[in-house]
Structures are given as structure tokens and as C-alpha cells.
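What follows is a single structure, written as C-alpha cells, with notes after it.
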Amino acid sequence: MNWYKNKGNEGDIVLSTRVRLARNLTEYPFPIRLDEAQRRDIGNTVKEILDTDKTLKLNFIDMSSLSSAETVSLAEKHLISPEFACDTLGRSLLLSDDEDISIMICEEDHIRIQTVYPGLSLEEAFETALKIDEILENKLSYAFDENLGYLTQCPTNIGTALRASVMLHLPALNKKGAMQRLSTTVAKLGLTLRGSYGEGSEVSGDIYQLSNQVTLGISEEAAIKNLNSIAMQIIAQEKQARALLIKDEDYLDRIYRAYGILKSAYKLTSKELINLISYVRVGVSEGILDIPAEKLRELTVLLQPATLNAHSGKILTQTERDILRSQKVREELA
Amino acid sequence: MLCQNCKANEANTHIKRVINGEATQKHLCSSCAQSLGYDNFFSDFTFNLPSLFSSFFDDRNLLLGETRADRCEICGCSFEDIIKSGNVGCSNCYKKFYSKLQPSIQRIHGKVKHSGKVPPKTAEPVVIKEKTAEEKIEDLQKEMAKAIETQNFERAAAIRDEIKQLKGEN
Ligand SMILES: [Zn+2]
Ligand SMILES: [Zn+2]
């Protein structure tokens with residue numbers, strides 16, 4: 001299920017759930033020490049194995065065959081990492097039509113199985129990643145050590161090599177000034193809560209990512225369960241805070257004004273869009289505005305700069321993009 | 001490479017992010033990275049935090065007495081390479097430098113013993129073999145056709161050169 005076209009569980013607050021398993025092969029040094037041909041060989045091998053499973057239907061993408069707008073667009077949609085977008089030589093990607101499975105070959109590890117689901121969906125996302133891992137592990141010899149678990153290029157990932165995260169929209173908790181305290185609390189529980197930063201140090205669009213930090217000495221199931229229960233608690237707190245927030249008339253005014261600008265602006269930068277949608281999303285979840293939550297999500301994802309370029313098939317200027325972006329927003333909200 | 005910010009220290013923190021439609025890289029030393037707010041593991045919402053691994057080695061004494069012989073026999077990586085890059089060279093490095101890596105692993109994870117999924121021992125690994133020159137040329141020709149189709153002529157030219165080179169070797 002595509003993460004930005006569907007609402008998912010708790011979709012007013014949780015934008016997406018991602019799970020990543022990192023795997024390496026014993027026969028090769030880690031990716032920083034591989035040449036282009038070796039990277040290609042690993043990609044082809046993984047492709048051949050996964051092609052034998054008829055239910056998966058993954059598209060094999062040679063990263064160097066994409067234009068730079070297409071590459072960066074994949075990163076904007078969180079299907080690949082910026083690191084993967086920076087160097088495409090010999091690298092490949094296996095991507096499902098729904099964009100819920102994306103397997104990066106020779107990113108920081110030989111194989112990075114990633115699943116992305118809409119809303120809060122940790123167990124499902126983990127199960128899907130596990131299913132792919134099980135197909136591969138029967139044909140490949142993974143770098144594994146009894147004490148250290150799955151071996152990875154960076155020692156911060158060894159053990160289960162599982163990183164799970166939920167992307168949360170927390171405008172009310174942020175407005176309350178609760179984020180600092182919250183991230184200190186979750187850090188004690190082996191998790192991290194971090195803001196999405198644009199260019200500077202301010203958090204853009206009140207979007208945060210909660211993920212597990214520790215990967216050694218904790219089982220996959222325990223890590224997922226732990227993350228899920230903390231996420232549920234944060235969601236409950238955000239709901240409470242939102243209910244209070246809309247009693248504030250100044251905030252209500254901001255919601256309506258944001259909606260007004262989105263419906264009538266002639267130009268919109270992507271930063272502006274994210275910030276305005278943050279208000280509108282609260283209006284939607286609190287029953288003030290009637291717009292499907294997934295429509296807002298889709299707009300923030302598909303109207304990002306490189307994604308707009310990739311869709312229009314040419315490199316637009318910033319002004320052209322800002323005009324096009326506002327046009328699409330007006331169309332969608334009409 | 002020197003840090004882009006202070007231009008004095010060695011850059012060991014490489015930050016890759018997507019800003020305004022471009023994939024950009026910044027090369028910083030760890031102190032500049034921290035003061036500029038880049039010590040944020042998940043700031044770009046990816047799962048990478050390699051460059052910061054080196055900051056877990058506060059015990060520089062580990063490097064003393066290291067000789068050239070202290071290199072991984074498989075990948076040639078030294079312990080110093082690991083600290084500098086924050087990356088381990090290959091799976092054998094974990095065996096080779098286990099005692100040196102262990103303290104920082106414990107500091108990161110709090111534990112040193114894996115508990116979780118174990119891959120099946122019965123796995124029959126496919127032997128990944130080098131492709132023959134003919135197979136490689138065939139792959140490249142397909143890719144070149146694709147590049148031309150998408151009007152990526154620069155890429156197509158690069159592939160053409162690669163094919164030429166492969167044919168020359170035969
Ligand atoms: Zn510096
Ligand atoms: Zn090695």
C-alpha cells in the first residue's frame with residue numbers, strides 16, 4: 001500500500017512507518033571498498049533471487065540510468081536515502097509498484113531491505129521486510145557473527161540490523177514546548193525522537209521521526225513492540241494537546257488562514273507548503289476542515305522540487321515550480 | 001579532505017541530504033558538525049549515522065603501538081582506517097579488531113551479545129561469479145539503449161567507452 005496515497009492507522013498523526021533490515025554478504029568487503037563491477041554483480045544476484053518469487057514483482061532500477069531529478073525524487077519520497085542519491089555508480093534499486101518495498105543495493109550495506117507503510121503499521125512493515133529477508137537468506141551467505149549478530153559496515157547497526165521508525169506530525173506538542181522533554185524521555189528507552197530539518201536548525205512542518213537506536217542485544221520483536229507502545233503514547237498526548245489547541249482562537253485563526261492561502265496563493269514554495277499544511281492537518285483531524293488526510297500527505301510528497309521536475313520531464317526554475325505547486329494545490333482543494 | 005567550515009581539521013563527518021531538489025554533501029569535522037547542529041542522527045530521516053561512530057572512540061590510546069602488520073588480511077583495512085571513516089572494511093575486520101571495537105560497541109548499544117534472528121546455517125550460498133566479457137558487453141549495450149531512449153547522452157557516451165574498453169581487452 002502506497003504510504004502517501006493512503007491514510008493508514010492513526011493517519012492524522014502518523015504519516016508513515018518504515019522498517020529497514022541491513023544485510024551483507026560474506027564474499028565481499030563492505031560497500032565503501034567495492035568497485036562498480038562488484039556493486040553491479042551484487043545487484044544482479046539479488047535481482048535474480050527475488051525474480052524467482054512471483055508474488056513480489058519488483059522493478060529493477062539501475063540508478064545510473066535515472067536522471068538526477070528522478071534520483072532525488074526517490075529520496076524526497078523517502079524510498080532511498082540522500083546518501084544513495086549522491087552516488088549512483090553501480091548501485092541499483094528494487095522497487096515495488098506501490099513503492100512499499102524498496103531494496104537499496106550497495107548503499108551503506110550490500111543489501112538494505114526497506115518497507116514503507118502508511119500510518120502506524122510496524123508489525124506489517126516488519127513482516128514484509130522479513131519475508132524478503134527469508135527469500136534471500138536461503139540463497140546468500142550473510143555476514144553474521146554469533147555474538148555481534150548481522151555484521152554491518154557501520155558498527156551502530158550490528159545485531160538485528162533493524163531500524164524501524166514512525167514519522168509523526170506533532171504540531172500541538174511542539175507548540176506546547178514539549179518536544180525537548182519528550183526526546184530526553186524516549187532516549188532513556190533506547191529510542192530517538194528527532195525533528196525533520198530543512199536548511200537551518202528549525203524543525204520544518206512539525207514533523208518528527210521516532211526510531212529505535214539500539215540494535216544489539218534486543219530482539220526484533222521486542223524492538224518493534226517497544227517502538228509501537230511509545231508511539232501510541234506520543235499519539236495519545238498529541239491528540240489531547242490538539243483538542244486543547246483548537247480552543248485557542250488565535251490558533252483557529254491560523255488554521256483558517258493557512259487554508260485560505262493554500263486555496264488562493266499564486267506561488268508557493270515547498271517550505272511554505274509544508275508549514276501551511278501543518279496547520280490544515282490539525283484542522284482536518286479536529287473536524288474543522290473536510291479534506292482527506294491522505295490528500296494532504298500526497299500534496300506534501302508529490303509537490304517537492306525534484307519530484308515536480310521529474311514529473312514534468314524537464315528542469316523547471318524555482319518560480320515555475322512555485323507557480324505549478326500552487327496550481328496543483330488549488331486544483332486539489334477546490 | 002579539510003572541513004568545509006573551519007578549514008583546519010580533517011573532515012570526518014559527511015552529511016548528505018536533499019535540500020530544495022538537490023542532493024548535497026557537506027564535509028565537516030566532528031566539532032563543526034556538532035556546533036552546526038549536524039550531530040542529529042536522523043536529521044534527514046535516513047538511517048545513516050556512520051560518520052558519528054568515530055566520536056565513540058574517545059580512547060585514542062587504542063591507536064598507539066599500531067603497526068602496519070595490524071591490518072585485516074582480507075580487505076587491508078587498519079584500525080585507524082576504521083576510526084577515521086567510521087566504517088568497518090569487511091566482516092573479517094570484526095574478528096580481527098574485535099577487542100578494540102568491543103568497548104565502543106558496548107558504549108553504543110549497552111550490550112555486546114546479539115539476541116534476535118539468526119540466519120539458517122543450511123543456506124546454500126550461490127557463488128557469485130564474475131561475468132564474462134561477452135555478458136558484460138551485452139548488459140552494457142542494453143543499458144546504452146536505455147540511456148539513449150531517456151536522452152541521457154552523457155551516460156550513453158560513457159557506456160560506449162566502457163564497451164570499447166572491454167572489447168579491446170579481448
Ligand atoms: Zn571544522
Ligand atoms: Zn577487513
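No experiment lies behind these values; they were computed from the predicted model shown. A, B, ... follow the sequence lines: proteins, then strands. Residue 1 opens every chain.
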Nearest-0.5 Å distance that lies between atom [atom1] in [X] and atom [atom2] in [Y]:
| X | Y | atom1 | atom2 | result |
| --- | --- | --- | --- | --- |
| A:Ser67 | B:Gln151 | OG | CD | 11.5 Å |
| B:Ile108 | A:Cys154 | CD1 | SG | 6.5 Å |
| B:Lys111 | A:Ile218 | NZ | CD1 | 7.0 Å |
| B:Tyr98 | A:Asn147 | OH | CG | 5.0 Å |
| B:Cys90 | A:Tyr28 | SG | OH | 14.0 Å |
| B:Arg155 | A:Ser65 | CZ | OG | 8.0 Å |

Without swapping roles, check the side chain of B:His109 against the backbone of A:Pro155 for a donor-acceptor pair under 3.5 Å. yes
Using a 3.5 Å distance criterion without hydrogens, assess whether the side chain of B:Tyr94 forms a donor-acceptor pair with backbone atoms of A:Thr152. yes
Any idea which of [options] has the most non-hydrogen atom pairs under 4.5 angstrom with chain A?
| options | result |
| --- | --- |
| B:Val118, B:Asn152, B:Ile74 | B:Val118 |
| B:Gly76, B:Gly89, B:Ala147, B:Cys75 | B:Gly89 |
| B:Cys77, B:Ala156, B:Ala158 | B:Cys77 |

Test B:His114 against A:Leu216 for side-chain contact (heavy atoms from CB on, under 4.5 Å), laying out the working first. CA-CA 5 Å; B:His114 175 59; A:Leu216 184 63; 4.0 Å; yes
For A:Glu221, which atoms come within 4.5 Å of any heavy atom of chain B: side chain, backbone, both, or neither? neither
Among the options [options], pick out the one with the most heavy-atom pairs lying under 4.5 Å from chain B.
| options | answer |
| --- | --- |
| A:Ala222, A:Ser219, A:Ala223 | A:Ser219 |
| A:Asn24, A:Thr307, A:Thr269, A:Asp133 | A:Asp133 |
| A:Ile32, A:Ile158, A:Asn309 | A:Ile158 |

For A:Gln153 and B:Asn87, what are the C-alpha separation, side-chain angles and deciding distance, and is it a side-chain contact (heavy atoms from CB on, under 4.5 Å)? CA-CA 5 Å; A:Gln153 179 167 282; B:Asn87 287 313; 3.5 Å; yes
Hey, is NZ on A:Lys225 packed in by over 12 heavy atoms from elsewhere, all under 6.0 Å? no
Stepwise, does the side-chain contact (heavy atoms from CB on, under 4.5 Å) test hold for A:Arg33 with B:Asp81? CA-CA 12 Å; A:Arg33 289 173 176 266; B:Asp81 293 338; 4.0 Å; yes
Apply salt bridge (Lys or Arg N to Asp or Glu O under 4.0 Å) to the pair B:Lys117 and A:Glu137, showing each step before the final yes or no. CA-CA 11 Å; B:Lys117 195 170 179 259; A:Glu137 72 185 1; 2.8 Å; yes
Taking the basic N atoms (NZ, or NE/NH1/NH2) and the acidic carboxylate oxygens, is any pair closer than 4.0 Å for B:Lys146 and A:Asp62? no
